[in-house]
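Reviewing the structure listed below.
Source: prediction; values computed, not measured.
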Amino acid sequence: MMGQAVAHTYSARREGDFMLQAHDVHKFFGSLHVLDSVSLDVAKGEVVCIIGPSGSGKSTFLRCINHLDKIDAGRMSVDGRLVGYTERGSRLHELPERDLLKQRADIGMVFQHFDLFPHMSVLENVCLAPVLLKRRTKQEAKAAAVELLRRVGLADKLQAYPVQLSGGQQQRVAIARALAMEPKLMLFDEPTSALDPELVGEVLVVMKELARTGMTMIVVTHEIGFASEVADTLVFMDRGRVVESGDPRTVISQPREERTRTFLSQVLS
């Protein structure tokens, strides 16, 4: 199980070395037990890819990391701070919205669908949050946005509007927008699943480059090749539980669990 794997892999690490610590996390939607005792430690600078069938709890786990969905039991910390709560004595108190927004600013998230503001240019989409939430001047935000858009290969699209872009280009704008907040942790929720196959590669190239810079990343994906090449750790989830985790090449080529073998035989065939 995941707790055992983490203890073995990171036994020499101190708590401050971890960007994410999730311990015995549970989440219910009504009677549906979506996350069942999920534990996962992610070291600073580590890239973790999460795979699994639809409905296995992967996306819900990501949403719990930035408190878009509240966990029902367990603990979740990012960079040593409890997510969504403050602890006083032995009791947890939910953060006020203002403090929660500050905490979320450290956690970038890229969704399946790009959710760009259609009435704003590419440059305006990337500049908006740093000005509103981080109190950057418009000049500072613009300079940073231009550099980020250059990094994702869109320096020639600054004044374009989302409707004028391909799906892959829109997703690269969404990545630049998340990076504009200078997050400590980046979450990707199946960022290529809504794209036409020929556009997937251009987004994965940006994500690979981001991983090479040392950004801590947790990626829910169906791109097994990407996970094998980029991830430090591969996690397989099913029915709300972590079934198996470890070195991606080992998990893919020599999975320990029968459920993992069955899933991989289907997606790799």
Side-chain angles (χ1 to χ4, degrees), residues 1-3 5-6 8-10 18-22 25 35 38-66 76 78 107-112 171-172 174-175 178-179 183-195 197 200-257 259-268:
M1 295 302 295
M2 189 63 202
V6 167
H8 173 74
T9 305
Y10 297 119
F18 293 108
M19 183 58 70
L20 172 73
Q21 290 183 292
V25 170
L35 297 177
V38 173
S39 294
L40 179 67
D41 287 348
V42 178
K44 293 178 179 178
E46 185 178 10
V47 178
V48 173
C49 285
I50 305 177
I51 61 173
S54 298
S56 58
K58 309 182 300 296
S59 295
T60 297
F61 180 66
L62 285 195
R63 290 176 61 84
C64 287
I65 292 174
N66 61 10
M76 186 95 73
V78 170
I107 307 171
M109 189 160 184
V110 177
F111 298 89
Q112 296 178 34
Q171 191 62 294
R172 284 185 279 155
I175 293 172
L179 291 173
K184 299 176 180 179
L185 170 65
M186 281 287 288
L187 309 176
F188 293 87
D189 186 10
E190 299 187 15
T192 61
S193 64
L195 300 178
V200 168
E202 64 189 60
V203 174
L204 294 182
V205 165
V206 171
M207 294 173 64
K208 289 175 185 177
E209 181 58 33
L210 187 57
R212 281 192 286 269
T213 68
M215 173 64 73
T216 311
M217 299 166 56
I218 304 175
V219 184
V220 169
T221 184
H222 292 296
E223 302 290 339
I224 304 298
F226 170 82
S228 177
E229 179 181 351
V230 177
D232 300 297
T233 301
L234 182 64
V235 175
F236 172 63
M237 290 183 65
D238 186 39
R239 298 183 180 182
R241 299 182 66 89
V242 171
V243 175
E244 185 166 351
S245 70
D247 176 80
R249 288 149 292 280
T250 302
V251 172
I252 292 168
S253 63
Q254 302 174 21
R256 299 187 309 271
E257 303 295 331
R259 181 66 188 95
T260 313
R261 285 194 290 271
T262 300
F263 174 80
L264 289 172
S265 69
Q266 293 170 343
V267 300
L268 295 175

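Rounding to the nearest 0.5 Å places CG of L40 at 10.0 Å from CZ of F18. Atom CD of Q112 is separated from atom CG of L195 by 10.0 Å, given to the nearest 0.5 angstrom. The CE atom of M217 sits 13.0 Å away from atom CE of M19, with the distance rounded to the nearest 0.5 Å. With values rounded to the nearest 0.5 angstrom, L187 atom CG is found 6.0 Å from N66 atom CG. Between the CG atom in L62 and the CE atom in M109 there is a gap of 5.0 Å [rounded to 0.5 Å]. Summarising the geometry, atom OG1 belonging to T192 is positioned 8.5 Å from atom CD belonging to Q171; distances are rounded to the nearest 0.5 Å.
The minimum heavy-atom distance between V220 and P191, with the atom names listed, is O-CD, 3.7 Å. Here the shortest heavy-atom pairing between F61 and L35 reads CA-CD1, 3.9 Å. Nearest approach of G240 to V38, heavy atoms of both residues: O-CG2, 3.2 Å. Closest approach of S245 and T233 over heavy atoms only: CB-CG2, 4.5 Å. In plain terms, the two heavy atoms of P183 and G108 that are nearest each other are CB-N, 3.4 Å. Heavy-atom minimum distance, F236 versus G52: CE1-CA, 3.6 Å.
Side-chain atoms of E244 come within 3.5 Å of backbone atoms of R256 as a donor-acceptor pair (strictly under, hydrogens ignored).
Not counting sequence neighbours, the partners of D238 by the side-chain hydrogen bond (donor to acceptor under 3.5 Å, both in side chains) test are R259. In terms of the side chain to side chain contact (heavy atoms under 4.5 Å, CB included) criterion, residue partners of V230 (sequence neighbours excluded) are, by chain and number, V47, K208, A211, F226. For S56, the side-chain hydrogen bond (donor to acceptor under 3.5 Å, both in side chains) partners are K58, not counting sequence neighbours. For V267, the side chain to side chain contact (heavy atoms under 4.5 Å, CB included) criterion is met by I224, F263, L264, not counting sequence neighbours. Considering only residues two or more places apart in sequence or on other chains, R261 meets the side-chain hydrogen bond (donor to acceptor under 3.5 Å, both in side chains) condition with E258. For the salt bridge (charged side-chain N to carboxylate O under 4.0 Å, His left out) test, no residue two or more places apart in sequence or in another chain qualifies with E190. Not counting sequence neighbours, T60 has no partner by the side-chain hydrogen bond (donor to acceptor under 3.5 Å, both in side chains) test.
Residue pairs meeting the salt bridge (Lys or Arg N to Asp or Glu O under 4.0 Å) criterion with at least one member in residues 210-228, sequence neighbours excluded: E209-R212.
Side-chain contact between T216 and K184 is absent, with no heavy-atom pair separated by less than 4.5 Å. At least one side-chain heavy atom of F188 sits under 4.5 Å from a side-chain heavy atom of L210. A heavy-atom distance below 4.5 Å is not found between the side chains of I218 and V235.
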Check against side-chain contact (heavy atoms from CB on, under 4.5 Å), V110 and M207: CA-CA 11 Å; V110 177; M207 294 173 64; over 6 Å; no
**Message:** Determine whether L185 and I65 satisfy the following criterion, side-chain contact (heavy atoms from CB on, under 4.5 Å), listing intermediate values before the conclusion.
**Reply:** CA-CA 10 Å; L185 170 65; I65 292 174; 3.9 Å; yes
Which pairs would a plain distance check flag for residues 246-255, meaning a side-chain donor or acceptor within less than 3.5 Å of a matching protein atom at least two apart in sequence or in another chain?
from	atom 1	to	atom 2	distance (Å)
D247	OD1	R249	NH2	3.1
D247	OD2	R249	N	3.1
D247	OD2	T250	N	3.2
D247	OD2	T250	OG1	3.4
R249	NH1	S228	O	2.4
S253	OG	R249	O	2.6

